[in-house]
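Count residues from 1 along the sequence. Side chains are part of it too, since the values below use all heavy atoms of this structure and drop only hydrogens, waters and symmetry mates. Keep in mind the model is a prediction, meaning the values are calculated, not measured. Remember, it's 1-based here, ligands and their atoms both numbered in the order they're listed.
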Amino acid sequence: MLVSAKVIERSDVPVIDLSRLIAANEVDDALAQDILRACRDVGFMYVSGHGIPIDLQDRMFDASREFFARSMEQKLDISITRSRHFRGYLPLKSIGASSGRPVGRQEGFQIHAELPPDDPDVLAGKPLHAPNPWPSFMPELRPVTLEYYSAVQSLGMSMLRAFARALQMEEDFFGPYFQKPLMMLRLLHYPPQDVVTDENDIGVLAHTDAGGFTILLQDMNGGLEIRTKDGEWARVPPIENTFVINLGEMMQAWTNGVFMATPHRVVNWTGRDRYSIPFFMNPNFDAVIRPIRIEGDEARFPTLQSGPHLLETYRRIWPEYQGTEGDGR
Ligand code: OGA
Ligand code: NI
């Protein structure tokens with residue numbers, strides 16, 4: 001049986017134009033309303049007018065494709081198992097396997113904030129604060145990835161202003177929580193999969209994102225699906241020059257459940273290699289996320305601390321690597 005045969009073609013993910021937010025750094029009422037509706041009712045949106053040049057998106061995808069085409073021996077040189085800080089290359093269907101949970105049909109390369117070796121938090125050995133491992137066999141990967149990282153981070157910072165306005169709060173409410181944020185950028189490669197017989201053997205299993213929110217660039221193949229309120233799976237097909245933004249568990253807790261962290265998965269049924277690049281926007285390590293009480297509501301989510309919450313999540317996903325060994329990279 002094909003899992004994808006049950007998937008419905010329509011989803012209600014809105015396309016939101018950010019042109020004015022990006023050009024004038026202004027969140028007007030209409031935009032705030034659109035964003036509130038998307039975050040509250042769907043948990044997912046496409047954004048256009050985001051200000052990230054097509055040329056940069058293309059160069060990032062080209063570099064990603066080239067990286068994954070390199071030999072396994074080369075890629076393993078920067079394996080995540082050599083990092084204390086959850087950075088590096090993750091081979092197809094291997095890392096994470098010892099958790100006893102099914103692992104996805106994908107390989108990845110992930111970085112977090114690019115911190116210099118003399119950064120005070122790096123020197124102090126603060127978890128998740130470290131330089132990134134870069135491939136010596138492909139020196140051109142670093143500049144384009146960092147250029148892309150910085151462009152998406154700036155889009156993320158603009159989104160935070162829009163989220164605040166959608167919640168009828170001061171536009172810069174979230175700013176202080178994202179001064180040294182725990183971002184993660186992942187280059188992902190999903191090999192094609194013709195027949196799907198087991199919904200635990202797909203590109204990414206059904207999950208919600210753990211952090212703040214995610215800004216996803218997907219190639220034109222398709223494969224992303226979200227779970228609708230009726231429990232059906234609905235495709236989120238690629239739309240040229242848009243990003244897909246979805247909320248994670250932290251943002252859901254922070255907004256006391258007003259924003260939805262919607263379950264999603266990837267099934268690469270297209271017959272072609274699929275590439276995608278999620279960027280996870282997470283608050284500072286020490287940020288304390290306490291549910292915002294809207295209209296005097298009782299807090300329905302626990303207060304959490306960003307860094308420890310993410311560390312716990314990463315250790316659960318990649319139990320082979322508890323972030324305590326390795327050669328310090
Ligand atoms: C994720 C995710 C979707 C994609 O990495 O959390 O949902 O299209 N990725 O790669
Ligand atoms: Ni996800």
Side-chain angles (χ1 to χ4, degrees), residues 3-4 7 11 13 39 42-47 57 60-61 64-65 67-68 80 86-93 95-96 99 101-112 145 148-149 152 156 182-193 196 199-228 233-240 242-252 259-270 272-282 309-310 313-314 316-318:
V3 169
S4 48
V7 170
S11 69
V13 179
C39 294
V42 190
F44 267 77
M45 71 195 95
Y46 297 92
V47 297
Q57 301 171 35
M60 185 69 263
F61 268 136
S64 175
R65 271 189 288 268
F67 173 80
F68 289 118
I80 189 175
F86 302 101
R87 288 153 154 89
Y89 172 67
L90 297 97
L92 185 67
K93 277 184 97 74
I95 309 273
S99 67
R101 304 185 320 168
V103 290
R105 286 176 176 247
Q106 51 156 265
E107 60 176 334
F109 171 67
Q110 69 192 32
I111 63 162
H112 300 228
T145 307
Y148 179 80
Y149 184 105
V152 188
L182 298 174
M183 314 301 195
M184 174 161 68
L185 176 75
R186 312 189 74 202
L187 307 179
L188 296 176
H189 168 218
Y190 300 89
Q193 170 173 27
V196 181
E199 61 180 43
N200 286 327
D201 184 20
I202 58 176
V204 185
L205 276 59
H207 68 283
T208 48
D209 293 348
F213 62 103
T214 306
I215 304 177
L216 174 78
L217 181 59
Q218 56 171 340
D219 70 12
M220 292 307 288
N221 281 307
L224 176 63
E225 300 172 1
I226 62 173
R227 190 148 74 213
T228 66
W233 287 101
R235 293 199 211 285
V236 185
I239 301 179
E240 195 94 51
T242 63
F243 287 74
V244 172
I245 295 187
N246 68 286
L247 286 330
E249 290 159 17
M250 235 187 264
M251 209 67 190
Q252 175 169 276
F259 286 6
M260 273 175 80
T262 300
H264 53 284
R265 67 182 189 182
V266 173
V267 184
N268 184 13
W269 47 270
T270 64
R272 294 179 295 272
D273 287 288
R274 175 182 191 267
Y275 296 85
S276 72
I277 307 175
F279 182 82
F280 300 92
M281 288 278 298
N282 302 311
H309 178 74
L310 291 168
T313 305
Y314 298 157
R316 200 173 60 234
I317 305 176
W318 300 298

Quiz prompt | Minimum-distance pair of heavy atoms, taken over all atoms of L310 and N282 | solution = CD1-CB, 3.5 Å
Practice problem: Identify the residue among Y148, Y149, F213 that makes a ring pair (Phe, Tyr, Trp, His ring centres under 6.0 Å) with F279. | Solution: Y149
Quiz item: Which residue and non-hydrogen atom of the protein lie closest to atom 9 (N) of ligand 1, and at what distance in Å?
Solution: Y190 OH, 3.8 Å
Exercise. Mark the output for Q106 as yes if a heavy-atom distance to ligand 1 is under 4.0 Å, and as no if none is.
Key: no
Practice problem: Going by the ring pair (Phe, Tyr, Trp, His ring centres under 6.0 Å) test, name the single residue among F109, Y275, F61 that passes it with F67. | Solution: F109
Quiz item: Is R265 in contact with ligand 1, taking contact as a heavy-atom separation below 4.0 Å?
Solution: no
Quiz item: Name the one of D209, V236, V244, V204 that satisfies side chain to side chain contact (heavy atoms under 4.5 Å, CB included) with H264?
Solution: D209
Quiz item: Under 4.0 angstrom from ligand 1, any heavy atom of H264?
Solution: yes
Self-check item: ligand 1 atoms in contact with R274 (distance to a heavy atom under 4.0 Å)
Solution: 4 (C), 8 (O), 10 (O)
Practice problem: Could you tell me which non-hydrogen atom of Q106 sits nearest to which non-hydrogen atom of L188, and how far apart they are? | Solution: OE1-CD2, 3.3 Å
Practice problem: For I111 and R87, work out which heavy atoms get closest and say how close. | Solution: CA-CG, 4.4 Å
Quiz item: Considering only protein heavy atoms, which is closest to atom 6 (O) of ligand 1, and at what distance to one decimal place?
Solution: H207 NE2, 3.0 Å
Quiz item: In terms of side-chain heavy atoms, does N221 have a donor or acceptor partner in R272 at a distance below 3.5 Å?
Solution: yes
Quiz item: If the Ni ion (ligand 2) is the vertex, what is the angle to OD1 of D209 and NE2 of H264, rounded to 10 degrees?
Solution: 100°
Exercise. Grab the two heavy atoms, one from D201 and one from Q193, that are nearest each other, plus how far apart they are.
Key: O-NE2, 2.5 Å
Quiz item: Judging by distance only, is a nitrogen or oxygen of S276 under 3.5 angstrom from one on ligand 1?
Solution: yes
Quiz item: Going by the order shown, which atoms of ligand 1 are within less than 4.0 Å of some heavy atom of P278?
Solution: 5 (O)
Quiz item: Which heavy atom of S276 sits nearest a heavy atom of Y190, and at what distance?
Solution: OG-CE1, 3.4 Å
Practice problem: With heavy atoms under 4.0 Å as the rule, classify the contact between T214 and ligand 1 as side chain, backbone, both or neither. | Solution: neither
Exercise. Name the closest protein heavy atom to atom 3 (C) of ligand 1, giving the residue it belongs to and the distance to 0.1 Å.
Key: V266 CG2, 3.7 Å
Exercise. Specify side chain, backbone, both or neither for F280, according to which of its non-hydrogen atoms lie closer than 4.0 Å to ligand 1.
Key: side chain
Exercise. Check ligand 1 against L188 and write out every atom of the ligand that is under 4.0 Å from a heavy-atom position of the residue.
Key: 5 (O), 10 (O)
